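Here is the structure we will look at, set down as structure tokens.
Please read these numbers as outputs of a predicted model, since none were measured by experiment. Quick note on labels: first sequence line is chain A, next is B, and so on, each numbered from 1.
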Protein chains: 2
Amino acid sequence: MNTDDTLTPLNRSRSILIAEPTKLVTSYPAFPITVDCVIFGFEENELKVLLIRSDLQYFEGKWSLLGDVLKETEALDDAAYRVLCQRTGMTDVFLEQVKTFGSPSRHPGGRVITIAYCSLLNIHHHELKIYDNELHWHNVKNLSDMAFDHQLIVEECYQWLQKRIQEHPLAFNLLPEKFSLRELQNLYEAILGVELDRRNFRKKFFAMDFLIDMEEFEENVPHRPGKLYKFNFDKYEKNKRKWFAIDF
Amino acid sequence: MNTDDTLTPLNRSRSILIAEPTKLVTSYPAFPITVDCVIFGFEENELKVLLIRSDLQYFEGKWSLLGDVLKETEALDDAAYRVLCQRTGMTDVFLEQVKTFGSPSRHPGGRVITIAYCSLLNIHHHELKIYDNELHWHNVKNLSDMAFDHQLIVEECYQWLQKRIQEHPLAFNLLPEKFSLRELQNLYEAILGVELDRRNFRKKFFAMDFLIDMEEFEENVPHRPGKLYKFNFDKYEKNKRKWFAIDF
DNA sequence: GAATTATCATGTATTATTTACACAATATAA
DNA sequence: TTATATTGTGTAAATAATACATGATAATTC
């Protein structure tokens, strides 16, 4: 270790340098880390979240997010994708880190810090892989009796989602590849919890010019079928509008 | 442990419940956690960030964020406030969690996961408390040679800030309590990296009606002094506009 | 103390965006 | 054939965003 005592005024403010970072790091307190996935889906005009029953006796009967422990050398995002893949068999889905929750008392077995990820997927696109623990799509509206701080986590992810779908076309991940404008509007209304004017909603999306008209129509609807569209992700990526507006 | 083998079709999908959560948690791999604070300040029309020299020999000469190790029973936010307070003596400042960084190779001493916090403060309001390690305000534009993944962290926090100041009046935390409209505009221009029309900028802020006219004027400026204003946080909190606009 | 300099303060016309709102067309089910 | 549910479309009014120029004021210089 640097024990230089010839410090001059100019280098007096320089601390002694640490030569053995490994020793340093192993002296730190360490905590188990988990990732929890808030996986949103959309079905029957309702926003759903994928839940299981907690497997802790302490939380018997309570609902829990899908999560797992971070492995020694696993990247954070990889852990979240692993959890998602284990349950839905999906790999190429939207997934984003939202927030880390670390209240010292959030886990009954000791302090566990969890990193919440949010994922959006089309319920009918992907079969749920494992039916353990009553894995199911739960309506976002009736959440209660959740294990850990999972209710808080879902709420924060839901707020995050509400904000995010207004500035980024994420919502399309929740719809089938081809969708009608009514489905799209229902989705926005369900997530944002508002009613939108149908004509203005259409006008807005057509004006953006990111919808591809598939020249196909809905089938098996008990009324005049609507046209089907695809979202043009490529065009969007190229023309992404650089947001700039002070507005609060 | 529940080894019930009388499972019926109805409860077959229920896993065996874990009775000893503590045993479970101690079996998990554990990681040291740090918090790193990206503390922004504003001075001479430039956005600055508070840095020190890394005290690891491995990163000798490189710049580092202010951070510290999470203590056993300390809340995440508390750790961030502690770091901030140790260096600036401040307690009542803006501070928000931004993102968690956990690349397995980000620390030379072993895997350390860090939670990045962003803080905004008025440089002249708060004396820096400790002058160790060349603590100083560094221009955000010329960042290079940073320790760990700190450059990435600053970049992500900077992007986060650019977005955030457009939808929430955070920027006022960077200004003195009383400021002129020119100062406010300079700040927005510095953070967003754009030029704004002075007349439209004023119009916008006056229309919001959150500025309190102090009936005072700048002093010691070599030109006609501008009026000073305060931001009306109370009024803002009451009238906060519920953002709602699909716009991407 | 007159002239210069740098910035403050203000308004209007143009364009673009948002909102509110009504009716004919079409497929299915009864 | 009729009833029903939903699709598809347009316009007028209100609001917000943009582009842009001139006189006023305090300090500084000559």
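Place B:R199 and B:F244 on DNA chain C by their nearest nucleotides, and B:R199 ends up nearer the 5' end.
B:K99 forms a cation-pi arrangement with B:F101, by the criterion of a distance under 6.0 Å to the ring centre and an angle within 45° of the ring axis.
Between the two ends of the helix from C:dG1-D:dC30 to C:dA30-D:dT1, each summarised by a five-pair axis, the helix axis turns through 10° (rounded to 10 degrees).
Atom NZ of A:K230 is surrounded by 12 or fewer heavy atoms from other residues, nucleotides or ligands within 6.0 Å. The 12-atom threshold is not exceeded at CD of B:E195, counting heavy atoms of other residues, nucleotides or ligands nearer than 6.0 Å.
Protein chain B contacts DNA chain C from C:dA6 to C:dT12, reading 5' to 3' and using non-hydrogen atoms of the protein with a distance under 4.0 Å.
Centroid-to-centroid, the aromatic rings of A:H150 and A:W63 stay 6.0 Å apart or farther. If you look at B:Y117 and B:F94, their ring centroids are not closer than 6.0 Å.
You'll find that the side chain of A:R198 is closest to D:dT7, out of D:dG10, D:dT7, D:dA21.
Residues from residues 201-210 of chain A placing a heavy atom under 4.0 Å of any atom in DNA chain D, listed by number, are A:R202, A:K203. Within residues 181-195 of chain B, no residue has a heavy atom under 4.0 Å from DNA chain D. Within residues 214-222 of chain B, no residue has any heavy atom under 4.0 Å from DNA chain C.
In the interface, the side chain of A:R224 is not paired with the base of D:dA5 through any donor and acceptor atom under 3.5 Å apart.
Remark: A:K227 engages A:D213, A:E215, A:F217, A:Y229 in a side chain to side chain contact (heavy atoms under 4.5 Å, CB included) (not counting sequence neighbours).
A salt bridge links A:R164 to A:E96: one of the charged nitrogens lies within less than 4.0 Å of a carboxylate oxygen.
The interatomic distance linking A:D247 (CG) with D:dA17 (P) rounds to 6 Å, in whole Å.
The distance from the CG atom of B:L121 to the CG atom of B:L175 is 12.0 Å, given to the nearest 0.5 Å.
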